[in-house]
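This report refers to the structure that appears directly beneath it.
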Protein chains: 2
Amino acid sequence: MRSAARCSSCAMRHLCMPQGVAANEMPQLEALICSARPVRRGEALYRAGDSFDSLYAVRSGSLKTVMAHRDGREQVTGLRIAGEALGLDGISSDQHACSAVALEDSSVCIIPYAALKHLCREISSMQERLHKLMGEQIVREAAQMMVLGSLSADERVAAFLLDISERNAQRGYSSAEFNLRMTREDMGSYLGMTLETVSRTLSRFQKRGLIDAQGRLIHIVDPEGLRQVGAPSNA
Amino acid sequence: MRSAARCSSCAMRHLCMPQGVAANEMPQLEALICSARPVRRGEALYRAGDSFDSLYAVRSGSLKTVMAHRDGREQVTGLRIAGEALGLDGISSDQHACSAVALEDSSVCIIPYAALKHLCREISSMQERLHKLMGEQIVREAAQMMVLGSLSADERVAAFLLDISERNAQRGYSSAEFNLRMTREDMGSYLGMTLETVSRTLSRFQKRGLIDAQGRLIHIVDPEGLRQVGAPSNA
DNA sequence: CGCCCGATTGATAACGCTCAAGGCAAGTGG
DNA sequence: CCACTTGCCTTGAGCGTTATCAATCGGGCG
């Protein structure tokens with residue numbers, strides 16, 4: 001048996017969907033059986049091929065999503081920090097297209113998809129919220145396609161650091177300092193480059209005074225400078 | 001004024017959403033004002049930043065979606081052929097995140113989002129269909145991230161050709177022969193490489209007897225061989 | 001017919017990969 | 001408590017794939 005703490009009893013309940021759901025609809029929201037589940041570092045919340053029946057919201061910690069080619073090659077396709085949604089990759093075919101692995105001991109809220117669907121038919125703000133969630137994922141992935149397709153190694157790393165920084169800020173964490181938790185290999189996989197290149201790039205950024213990195217602990221010293229990486233003047 | 005032929009009067013009506021919508025719900029589907037709109041070659045159906053209010057289904061022809069970086073660099077993020085959905089990139093922020101440009105004279109069905117949302121609250125199969133549509137887009141984009149992040153130039157081109165081939169087959173067109181309509185530059189942009197590399201790769205494939213290409217007209221001669229591109233034996 | 005855009009092909013160079021060695025920190029067992 | 005292992009990170013040297021620059025070709029259209 002796993003922990004089944006109701007989301008309604010946790011401080012981060014608002015993460016399990018809302019944001020745009022009117023206050024007077026809260027009671028119905030509560031009806032959405034939203035239990036929590038811990039996921040230990042390295043453990044998979046779900047694996048590619050698993051049957052899909054719930055969405056998740058990261059309550060604490062962070063996870064990576066990983067997709068595999070048939071020839072065995074794997075690539076990290078996403079990173080989710082506390083407050084972000086997870087599991088949308090399962091909607092299209094009723095089974096997950098990728099795996100979600102915890103980067104540290106984490107906890108997620110479970111949102112049964114069937115119940116959510118039902119609720120979306122009754123509460124339009126709920127429907128709106130789910131649609132936006134999916135739409136955001138679509139746009140985020142398209143943006144990542146741009147990163148992978150058009151940016152140099154330096155630009156990719158810079159863009160990645162700024163993305164994480166912004167997302168941290170959005171969720172109320174520090175935008176300047178954070179613990180990445182991914183290995184250099186994970187970062188490389190996500191950014192379409194080797195772990196060595198990631199390492200070298202970070203070292204160079206550090207020499208230039210853009211960041212201060214101690215292993216996975218990253219301190220963004222000069223965000224504006226990071227934004228300029230790759231610009232004509234920065235050859 | 002643009003053409004406002006009702007979708008219900010066209011042979012491809014089933015493309016404008018259904019597939020999974022029960023027959024007895026058709027009348028309500030008809031109520032979804034689904035007009036058609038022609039888009040000439042090179043014309044934009046919508047541009048990044050345009051306000052979002054409709055989804056589209058390609059009725060005939062094909063379009064590319066293009067996303068732009070702030071520094072002006074553009075990348076092709078998708079290709080849509082007849083029967084495929086378009087416009088989901090606008091849901092998240094009520095304005096389109098990318099532009100959709102016709103690769104040839106085309107025609108799309110217009111599906112007003114507000115009406116669709118309303119319908120999805122009444123007809124669960126409709127809701128299901130929309131969710132799957134979005135879910136498919138999410139998975140497709142994740143797969144493209146893998147292509148861009150882990151495959152060599154040869155493998156990317158091969159994967160692209162096979163993808164188009166499969167999608168053509170799914171929509172009832174020939175899987176062996178098709179007119180790509182994109183320029184080499186568009187292909188390169190989509191695949192994260194230069195137009196010269198695309199050209200060279202296609203030439204090489206042709207010499208190997210995998211395909212027969214006459215400009216944008218592609219004939220897939222050996223699909224199994226294409227699938228083997230990049231495999232250990234094919235050095 | 002001549003023009004122009006797109007495609008092809010070649011030569012060269014750069015960026016990032018591969019292979020390899022070494023370092024550091026945390027954990028494990030004697 | 002220290003030797004040893006293990007996993008991850010860093011740094012270096014050399015090479016290969018792919019980008020860049022450039023010339024030519026070809027087809028469609030005015």
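By convention in this document, chain letters (A, B, ...) are assigned in the order of the sequence lines, proteins followed by strands, and residues within each chain are numbered from 1.
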Rounded to whole Å, the CE-C1' distance (Met193(B) to dG16(C)) equals 17 Å

Report task. Give a yes or no answer on whether the side chain of Gln144(B) reaches the backbone of Tyr190(B) with a donor-acceptor pair at less than 3.5 Å. Result -> yes

Using a cut-off of under 3.5 Å, enumerate the N/O to N/O pairs linking the protein to nucleotides 8-15 of chain D.
{"unit_1": "dC8(D)", "atom_1": "O3'", "unit_2": "Arg216(A)", "atom_2": "NH2", "d": "3.3"}
{"unit_1": "dC9(D)", "atom_1": "OP1", "unit_2": "Arg184(A)", "atom_2": "N", "d": "3.3"}
{"unit_1": "dC9(D)", "atom_1": "OP1", "unit_2": "Arg216(A)", "atom_2": "NE", "d": "3.2"}
{"unit_1": "dC9(D)", "atom_1": "OP2", "unit_2": "Arg184(A)", "atom_2": "N", "d": "2.9"}
{"unit_1": "dT10(D)", "atom_1": "OP1", "unit_2": "Arg184(A)", "atom_2": "NH2", "d": "3.4"}
{"unit_1": "dT10(D)", "atom_1": "OP2", "unit_2": "Arg184(A)", "atom_2": "NE", "d": "2.8"}
{"unit_1": "dT10(D)", "atom_1": "OP2", "unit_2": "Ser199(A)", "atom_2": "OG", "d": "2.8"}
{"unit_1": "dT10(D)", "atom_1": "O5'", "unit_2": "Ser199(A)", "atom_2": "OG", "d": "3.2"}
{"unit_1": "dT11(D)", "atom_1": "OP2", "unit_2": "Ser203(A)", "atom_2": "OG", "d": "2.6"}
{"unit_1": "dG12(D)", "atom_1": "N7", "unit_2": "Arg200(A)", "atom_2": "NH1", "d": "2.7"}
{"unit_1": "dG12(D)", "atom_1": "O6", "unit_2": "Arg200(A)", "atom_2": "NH2", "d": "3.1"}

Is any side-chain heavy atom of Ile218(B) less than 4.5 Å from a side-chain heavy atom of Glu177(B)? no

* Asked: How about Ser60(A) and Ser106(A): does a side-chain donor come under 3.5 Å of a side-chain acceptor?
  -> no

*Please say whether more than 12 non-hydrogen atoms of neighbouring residues, nucleotides or ligands are located less than 6.0 Å from CZ in Arg47(B).*
no

With five pairs defining each end axis, the helix from dC1(C)-dG30(D) to dG30(C)-dC1(D) comes out bent, to 10°, by 30°

Per the under-4.0 Å heavy-atom filter, residues of residues 145-165 of chain B near DNA chain C come out as none

When rounded to whole Å, the CE to P distance for the pair Met187(B) and dA19(D) reads 13 Å

note: Asn179(B), atom CG; dG27(D), atom P; distance rounded to Å ~ 16 Å

Whole-Å distance, Glu104(B) CD to dG6(C) C1', equals 17 Å

- Going by distance alone, is a donor N or O of one side chain under 3.5 Å from an acceptor N or O of the other, for Gln137(A) and Glu141(A)? yes

When rounded to the nearest 0.5 Å, the distance separating OG of Ser150(B) from CD of Glu74(A) is 10.0 Å

Can you check ring-ring contact (aromatic ring centres under 6.0 Å, His included) on Phe178(A) and Tyr173(A), steps first, answer last?
CA-CA 8 Å; Phe178(A) 42 85; Tyr173(A) 304 104; over 10 Å; no

With a sphere of 6.0 Å drawn around CD of Glu136(B), does it hold more than 12 non-hydrogen atoms of other residues, nucleotides or ligands? yes

In this structure, OG of Ser165(B) is separated from NE2 of His219(B) (nearest 0.5 Å) by 10.0 Å

Margin query: Has Thr201(A) got a side-chain atom pairing as donor or acceptor with Asp154(A)'s backbone, closer than 3.5 angstrom?
Written below: no

CE (Met145(A)) and CG (Leu148(A)) are apart, to the nearest 0.5 Å, by 8.5 Å

Rounded to whole Å, the CD-P distance (Gln206(B) to dA7(C)) equals 14 Å

